[in-house]
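Before any comments, here is the structure.
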Amino acid sequence: MNILQWINENWELICICCGLVFNLVGLIYNVCRSYRCGKRLAADDWLAILEAARQYEREAECFTEYGAAEKLQYVLSRLRVFTAELGCAFDEERITAQIEEDIAFSKAVNAGGSDCLE
């Protein structure tokens with residue numbers, strides 16, 4: 001009966017401790033979920049940027065009077081606006097590298113032509 005008497009005398013302390021533990025578990029859960037969602041959101045943003053970049057690349061190819069550097073600047077300027085609207089950072093080096101990879105891939109596919117299909 002000693003335990004029941006101690007619980008009866010300290011029930012407020014027990015409730016406070018249980019509430020603190022419950023809130024701490026909720027806080028840890030929310031921090032972990034926020035951290036995971038933040039990374040996923042960044043990946044989703046990057047995929048949206050890549051899709052937009054490819055669309056802008058197709059648009060730039062229609063400008064026959066532009067050189068390669070002018071087309072790249074067109075795509076980058078459109079992407080600056082797109083990333084600002086999306087609310088994420090504009091990493092010009094990373095985006096430029098991805099655009100150059102897209103161009104190299106496109107050239108490789110176009111150069112291969114029907115040889116690769118057979």
For residues 81-108, the ring pair (Phe, Tyr, Trp, His ring centres under 6.0 Å) pairs (sequence neighbours left out) are none
Residue set satisfying side-chain hydrogen bond (donor to acceptor under 3.5 Å, both in side chains) with Arg94, at least two apart, ordered chain then number -> none
Residues at least two apart in sequence or cross-chain that pass side-chain hydrogen bond (donor to acceptor under 3.5 Å, both in side chains) with Gln98, listed by chain then number, are Asp102
Any side-chain heavy-atom pair from Gln55 and Arg78 closer than 4.5 angstrom? no
dist Asp91:CG -> Ile49:CD1 (nearest 0.5 Å) comes out at 9.0 Å
Value for CZ (Arg58) from OG (Ser106), rounded to nearest 0.5 Å, stands at 10.5 Å
Per-pair distances, 0.1 Å, donor-acceptor, side chain in residues 64-71, under 3.5 Å, sequence neighbours excluded:
{"residue": "Glu70", "atom": "OE1", "partner": "Gly67", "partner atom": "N", "Å": "2.7"}

Show me the donor-acceptor pairs within less than 3.5 Å that the side chains of residues 7-23 make with the rest of the protein, sequence neighbours left out.
{"residue": "Glu9", "atom": "OE2", "partner": "Gln5", "partner atom": "NE2", "Å": "3.4"}
{"residue": "Asn10", "atom": "ND2", "partner": "Trp6", "partner atom": "O", "Å": "3.2"}
{"residue": "Asn23", "atom": "ND2", "partner": "Gly19", "partner atom": "O", "Å": "3.2"}

Closest non-hydrogen contact found for Cys88 with Asp45 is CB-OD2, 3.9 Å
Between Tyr74 and Phe63, is the gap from one ring center to the other below 6.0 Å? yes
Looking only at heavy atoms, the pair that brings Val75 and Ala53 closest together is CG1-O, 4.2 Å
Sequence neighbours excluded, the answer for side-chain hydrogen bond (donor to acceptor under 3.5 Å, both in side chains) partners of Glu92 is Arg80
task: Flag the pair Leu50 / Ile95 as yes when at least one side-chain heavy-atom distance between them is below 4.5 Å, and no otherwise.
output: no
Self-check item: Within-4.5 Å side-chain heavy-atom neighbours: Ile99 and Leu79
Solution: yes
Interatomic distance, CG@Leu72 vs OH@Tyr56, rounded to 0.5 Å, equals 14.5 Å
